[in-house]
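Computed from a prediction, not measured in an experiment: that's the story for all the values here. Just so we're on the same page: letters track the sequence lines, and every chain starts at 1.
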Number of protein chains: 2
Amino acid sequence: MSTLADEKHDPADDRLLTDQLFDQLSEAIVMGTFAPGSKLSEPRLAAQYGVSRGPVREAIRRLEERKLVTSAPRQGVRVVVPTPEDALELFTIREVLEGLAARHAADNATDAEIEDLRTMLAGHRQALSKPDAMVYWQATANSDFHFMVARIGRNQHLFDLLCGEYYTLFRLYRMRHRIVPGRAQRALAEHERIVEAIADRDAELSELLMRRHIASARTGLINQATA
Amino acid sequence: MSTLADEKHDPADDRLLTDQLFDQLSEAIVMGTFAPGSKLSEPRLAAQYGVSRGPVREAIRRLEERKLVTSAPRQGVRVVVPTPEDALELFTIREVLEGLAARHAADNATDAEIEDLRTMLAGHRQALSKPDAMVYWQATANSDFHFMVARIGRNQHLFDLLCGEYYTLFRLYRMRHRIVPGRAQRALAEHERIVEAIADRDAELSELLMRRHIASARTGLINQATA
DNA sequence: ACGCTCAAATCTGTCGACAGAATTGACGTT
DNA sequence: AACGTCAATTCTGTCGACAGATTTGAGCGT
């Protein structure tokens with residue numbers, strides 16, 4: 001049992017209880033530790049994590065803002081139940097936003113940033129040839145790429161939206177997308193083409209390829225959902 | 001002094017204190033009652049509205065999620081200071097999202113919904129010919145149109161984003177955009193052309209016109225900011 | 001006058017408590 | 001065995017309190 005209170009005296013871990021709780025609860029929801037539709041009781045979570053209800057409430061309210069739980073007044077909150085319709089809606093939004101980010105990345109990337117992108121993808125390609133490649137891909141590589149493109153796009157609000165507010169929700173739906181064999185390989189190839197378009201400062205092509213890349217992921221998601 | 005506690009026993013007003021506070025604080029920020037950059041003290045607000053710090057904290061945390069205040073740990077929160085850069089970023093995001101909504105509206109609108117759109121615009125046109133037209137426009141007409149298009153688009157997450165999470169922030173920046181003479185007239189004409197494109201089920205044109213419409217508003221905003 | 005020091009005042013983060021509403025579950029009815 | 005009732009339990013929304021950190025500002029030295 002890892003109560004937060006026990007670790008609280010570590011000076012390096014000075015984050016607020018609410019933030020730690022939000023991270024842990026988010027992770028638990030994405031990983032399925034809390035079943036979709038199950039109720040989250042404030043007193044129970046408070047006891048479980050060794051804190052009072054105050055921080056738990058604040059963390060839950062943030063989960064609510066991020067659409068990871070649904071809340072009915074005076075009836076508590078329940079873990080969101082992901083539906084294929086939600087997935088379609090979210091990936092449609094993500095398609096235009098990531099496309100926008102890629103376009104701006106092509107317009108704004110410095111030579112050093114393009115070098116960083118290529119270095120990162122080279123690392124991903126190497127990692128993909130090893131065992132446990134899928135785990136690595138799902139856990140870090142995919143996010144790394146999209147994070148970096150969003151950052152290079154130099155729109156702070158867009159970055160916050162893609163890599164902050166919506167990040168966990170996207171991850172929740174991606175997690176349901178059991179990796180079909182070869183999907184990671186294909187995704188990496190798509191990443192590489194996007195980076196080349198950015199390196200060419202071809203904003204229009206960068207946006208097109210990124211949108212196609214997201215649409216491809218969306219198709220995999222929907223097909224699986226209806227299968 | 002309108003404390004919330006006094007009105008609490010009205011059975012019709014059963015909303016949670018946090019929600020009421022969030023609305024009132026949002027409004028105060030948009031209207032400039034709280035100056036940009038000024039600090040929001042929890043005890044002071046609690047006393048002012050006649051409630052305890054709990055609901056005030058939750059309302060403030062929601063303001064933070066919505067980017068209406070910035071927060072530094074253990075230093076409280078300050079009302080966001082709108083910059084031209086922020087405005088540009090936000091309207092760039094809004095452009096692709098509203099364009100997406102318009103495209104989907106054209107794909108999904110029923111005959112009845114198109115009739116509703118036309119009826120609404122007819123009302124707006126009539127209202128614009130009367131005195132106080134600007135106030136009416138800024139307060140309701142503009143939002144009405146964008147709300148309805150987003151709703152007809154039938155993407156619940158997109159609707160929530162445009163008409164919920166980002167609504168007040170967009171309003172904050174629009175409020176700084178003192179209405180240039182004739183802007184409301186021109187905006188209404190643009191709305192009318194968008195509705196005709198939707199009525200023709202021309203998704204591509206609907207998206208194009210909506211994006212141009214937002215871009216036009218953005219240009220006005222930026223020009224004024226740099227003036 | 002200006003800057004520094006340090007104590008007073010204020011505020012944030014966290015906790016525990018209570019009232020009323022909602023949920024659960026035992027019990028009796030059909 | 002299914003259903004409705006009602007009391008016991010649990011939970012949410014709200015409040016007040018406290019410790020430690022931060023900010024304020026009075027007093028002092030220069």
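- For B:Glu58, the salt bridge (charged side-chain N to carboxylate O under 4.0 Å, His left out) criterion is met by A:Arg57, A:Arg61, not counting sequence neighbours.
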Just list the side-chain donor-acceptor pairs under 3.5 Å for residues 161-169 of chain B, sequence neighbours left out, or say none.
residue: B:Glu165; atom: OE2; partner: A:Lys67; partner atom: NZ; Å: 3.0

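- A search for ring pair (Phe, Tyr, Trp, His ring centres under 6.0 Å) contacts involving B:His157 returns nothing, not counting sequence neighbours.
- Taking atom CZ of A:Arg15 as the reference point, atom P of D:dA21 lies 19 Å away to the nearest angstrom.
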Tabulate protein N/O versus nucleotide N/O from nucleotides 7-12 of chain D, keeping only pairs under 3.5 Å, one per line.
residue: D:dC11; atom: OP1; partner: A:Ser41; partner atom: OG; Å: 3.2
residue: D:dT12; atom: OP2; partner: A:Glu42; partner atom: N; Å: 3.2

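- Taking B:Glu85 as the reference, nothing meets the salt bridge (charged side-chain N to carboxylate O under 4.0 Å, His left out) condition, with sequence neighbours excluded.
- In this view, B:His104 satisfies the ring pair (Phe, Tyr, Trp, His ring centres under 6.0 Å) rule with no residue, not counting sequence neighbours.
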